[in-house]
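To keep things clear, I will list the structure first and then write my remarks on it.
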Amino acid sequence: MTKIQKSDSEWRAELTPEQYHVLRQKGTERPFTGEHDHSFESGTYRCAGCGAELFSSDAKYDSGCGWPAFFEAAEGAAVDEETDVSHGMTRTEALCASCGGHLGHVFPDGPHPTGLRYCINSAALKLDER
């Protein structure tokens, strides 16, 4: 897959300040404040930066963590994972495979069938409702 490449000024022009902070600067929104944390409409969650399909609402659940949570990513290679050693801990970072935008983190404490919890910033997502 060819990654979407844009300059910093192009990203800044296309994203809101919060989206830019999360997607391009690896920031995070405060817990329980994101628009998708407690919404459960049917649809497809896409990258707010490039529109790539990332998650289905069928995989969304209320984990109580304060951010939207999914037990699996969309089919294919929608989400890349990298080791994140920032903030004095080791975590698995979730990134959009298409544009490299920071989405959040993946933890091994999710429900069946995968046992994963993709803890994702609402600012990194756009919902296409069915």
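With sequence neighbours left out, the salt bridge (Lys or Arg N to Asp or Glu O under 4.0 Å) criterion links R117 to D109. Residues that satisfy the side chain to side chain contact (heavy atoms under 4.5 Å, CB included) test with T28, not counting sequence neighbours, are W67, N121. Residues that satisfy the side chain to side chain contact (heavy atoms under 4.5 Å, CB included) test with H112, not counting sequence neighbours, are absent from this structure. Applying the salt bridge (Lys or Arg N to Asp or Glu O under 4.0 Å) rule to E35 yields no partners; only residues at least two apart in sequence or on another chain are considered. Judged as a ring-ring contact (aromatic ring centres under 6.0 Å, His included), and not counting sequence neighbours, the contacts of Y45 are H36, F70. With sequence neighbours excluded, the residues that form a salt bridge (Lys or Arg N to Asp or Glu O under 4.0 Å) with D8 are R12.
No single ILVMFWY cluster, assembled from side-chain heavy atoms under 4.5 Å apart, contains both V22 and I4. No path of Ile, Leu, Val, Met, Phe, Trp and Tyr side chains, each step under 4.5 Å between heavy atoms, connects L127 with F71, placing them in separate hydrophobic clusters.
Here the closest non-hydrogen pair linking A77 and A97 is O-CB, 2.8 Å. Scanning both residues, A124 and L23, for their nearest heavy atoms gives CB-CD2, 3.7 Å. Closest non-hydrogen pair, G49 versus L15, comes out as CA-CD2, 3.8 Å.
Using a 4.5 Å heavy-atom cutoff, the side chains of R130 and S57 are in contact. Taking 4.5 Å as the limit, some side-chain heavy atom of T90 sits within range of a side-chain heavy atom of T83. With contacts defined as side-chain heavy-atom distances shorter than 4.5 Å, the pair L54/R46 does not qualify. Between H102 and E93, some side-chain heavy-atom pair lies under the 4.5 Å cut-off. Contact check for C99 versus C47: side-chain heavy atoms found under the 4.5 Å cut-off. Here the side chains of W11 and Y20 are in contact, with some heavy-atom distance below 4.5 Å.
Contact check on K6 versus E14 returns a salt bridge, with a Lys/Arg side-chain nitrogen under 4.0 Å from an Asp/Glu carboxylate oxygen. No salt bridge links K60 with D37; every basic N to acidic carboxylate O contact stays at or beyond 4.0 Å.
One distance of note links SG of C96 with CD of E53; it measures 11.0 Å at 0.5 Å rounding. Note that the CZ atom of F55 and the CG atom of L103 stand 6.0 Å from one another [nearest 0.5 Å].
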Legend entry - E129 and S42: CA distance, side-chain angles, deciding distance, side chain to side chain contact (heavy atoms under 4.5 Å, CB included) verdict: CA-CA 6 Å; E129 290 186 44; S42 293; over 6 Å; no

Inset, instruction - Please test L95 against V79 for side chain to side chain contact (heavy atoms under 4.5 Å, CB included), starting from the C-alpha separation and ending with a verdict. - result: CA-CA 6 Å; L95 302 152; V79 177; 5.9 Å; no

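With hydrogens and angles ignored, the 3.5 Å screen pairs a side-chain donor or acceptor of T114 with a backbone N or O of L116.
Ring geometry, F107 versus H105: the interplanar angle falls from 30° to 60°, so the pair is classed tilted.
Residue Q25 qualifies as enclosed at atom CD: its count of foreign heavy atoms under 6.0 Å is above 12. By the 6.0 Å contact criterion, NE2 on H38 is enclosed, its count of non-hydrogen atoms from other residues, nucleotides or ligands being greater than 12. Within a 6.0 Å sphere centred on NZ of K126, other residues, nucleotides and ligands contribute 12 heavy atoms or fewer.
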